Amino acid sequence: MTATMRPAAEAAPAVPAALGRTRDTVQPALREAVGRLDETSRAISAYHLGWTEADGTPVSGNGGKAVRPALAVLSALAAGAPAETGVPGAVAVELVHNFSLVHDDLMDGDTERRHRPTVWALWGAPAAILTGDAMLALAQEVVLDSGSPHAIPAARLLSETTRRLIHGQVLDVQFEQRDDVTLPECLSMAGGKTGALLSGSAAIGAVLAGAPAETVDALAVFGEEVGLAFQLVDDVLGIWGDAAVTGKPVYSDLRARKKSLPVTYAVTHGGAKGRELAEWLAGEETGGAADEAELARVAALVESAGGREWATAEAARRVATAERALSAIPSGPREELIDIARFIVHREA
Ligand SMILES: CC(C)=CCC/C(C)=C/CC/C(C)=C/COP(=O)(O)OP(=O)(O)O
């Protein structure tokens, strides 16, 4: 068993069928949209999205799990519209997501994502900033060009979602300089950094379909809760995940002394072990590639202070709340949304 609290005998849940199906529905539109970018941004985006090698050779690589576009397409279906209605929203949220990853890797100095070198590591900081910017601008354009009579409210939702996402990242960066971050503050940061885009993804298809406010709100609540579960699991994988499976370097969050959710829980609720952890986080003596053993010791400290168990249980609680929010959503899309939420808590990458 790696990151989850799943009993050893229980198999990992299958990847939900909706993820593959919606990926096939959305990919042609995503490729068409990226094709509108200038030559340099297009080539770098194609690499980041797993379509080519860095030298432009076509590949079918790892472009990510495509969770957000799946939510956007299912959101349209949940509103009684065809899948195609959600596609511009799906393309837009995947572009916003990838803008945020390209910029996040640069900010964190991370050199590996999706089992490949990151954009800034290959092309440098200016190219990473500009490629991310290009994807973000393109996302708005795709929604505005959707042809939906509800394109303006959908574009507004995307804008508000992006502002919340950026605010979450602002808090995350600020927390690195603070040693008094509380658990509610950390949850609020994760709600912005990850909950906002999952919420916007789960709502945008319904907005494009002109669904009533109750439907949009229920889907938004579902996405927000799933987003928090997503970040909790992401933080757990960042400490106890298998780098060969996650495709990201192990311990990068701990090495940067990030106030992730399991770490913040451990510090604020872990008694003497939490205080020991807080001292380590505030210290300057650790860091760099030579300290792998030290980071393993700190990971064990977070675990013995209850951080891993709490984060895993909290993710399950968030998914249960998310599922309850869908009570009025028609069967079919509801079960597929729930399958994705459960997959998120049990994933290992
Ligand atoms: C403004 C700015 C820079 C914000 C950064 C926000 C940020 C990077 C939040 C983390 C979100 C997250 C859990 C990403 C992994 O998604 P995933 O596992 O779905 O990734 P995948 O697409 O590779 O599967």
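Computed from a predicted structure; not experimentally measured. Just so you know, ligand 1 is whichever comes first in the structure, and atom 1 is the first atom listed for that ligand.
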Sidechain N-carboxylate O distance under 4.0 Å for E314, R318: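 Between R318 and E314 there is a salt bridge, with a charged N closer than 4.0 Å to a carboxylate O.
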Salt-bridge contact R297-E294 (side-chain N to carboxylate O under 4.0 Å):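 The answer is yes: the pair qualifies as a salt bridge.
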For [atom], find the nearest protein heavy atom and state the residue, atom name and distance (0.1 Å precision).
{"atom": "atom 9 (C) of ligand 1", "value": "K193 CG, 3.3 Å"}
{"atom": "atom 23 (O) of ligand 1", "value": "R114 NE, 2.8 Å"}
{"atom": "atom 18 (O) of ligand 1", "value": "K65 NZ, 2.5 Å"}
{"atom": "atom 11 (C) of ligand 1", "value": "T194 OG1, 3.5 Å"}
{"atom": "atom 20 (O) of ligand 1", "value": "H97 NE2, 3.4 Å"}

Under a 4.0 angstrom heavy-atom cut-off, which atoms of ligand 1 come close to [X]?
{"X": "D234", "answer": "13 (C)"}
{"X": "G64", "answer": "21 (P), 22 (O), 23 (O), 24 (O)"}
{"X": "F230", "answer": "13 (C), 16 (O), 17 (P), 18 (O), 19 (O)"}
{"X": "M107", "answer": "3 (C)"}
{"X": "S100", "answer": "2 (C), 3 (C), 4 (C), 5 (C)"}

Min heavy-atom dist R68 to ligand 1 below 4.0 Å: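 Contact check R68 vs ligand 1: positive.
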V67 to ligand 1, any heavy atom closer than 4.0 Å: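 Contact absent.
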Contact check: Q169 vs ligand 1, nitrogen or oxygen atoms, below 3.5 angstrom: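 N/O-N/O distance under 3.5 Å: no.
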L74 vs R21 side-chain heavy atoms within contact, under 4.5 Å: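 Yes, their side chains come closer than 4.5 Å.
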Selected option - heavy-atom contact closest to atom 8 (C) of ligand 1, from L198, V102, D104: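 Ranked by closest heavy atom to atom 8 (C) of ligand 1, first place is D104.
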CZ (R156) with more than 12 external heavy atoms under 6.0 Å: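 Open.
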D108, D235, D234 screened by salt bridge (charged side-chain N to carboxylate O under 4.0 Å, His left out) with K258, the one that passes: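 Answer after filtering D108, D235, D234: D108.
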Geometric cation-pi criterion, R42 with Y47: 6.0 Å, 45°: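 Not satisfied by the 6.0 Å and 45° rule.
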R257 to W280 six-membered ring, cation-pi geometry met (6.0 Å, 45°):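 So R257 does make the cation-pi contact.
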Mutual orientation of the aromatic rings belonging to H269 and Y265 [parallel < 30°, tilted 30-60°, perpendicular > 60°]: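 Plane angle under 30°, so parallel.
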Please tabulate, one pair per line, all N/O donor-acceptor pairs under 3.5 Å involving side-chain atoms of residues 193-206, not counting sequence neighbours.
| residue | atom | partner | partner atom | Å |
| --- | --- | --- | --- | --- |
| K193 | NZ | D172 | OD2 | 3.2 |
| T194 | OG1 | Q231 | OE1 | 2.4 |
| S199 | OG | A220 | O | 2.8 |
| S201 | OG | L197 | O | 2.5 |

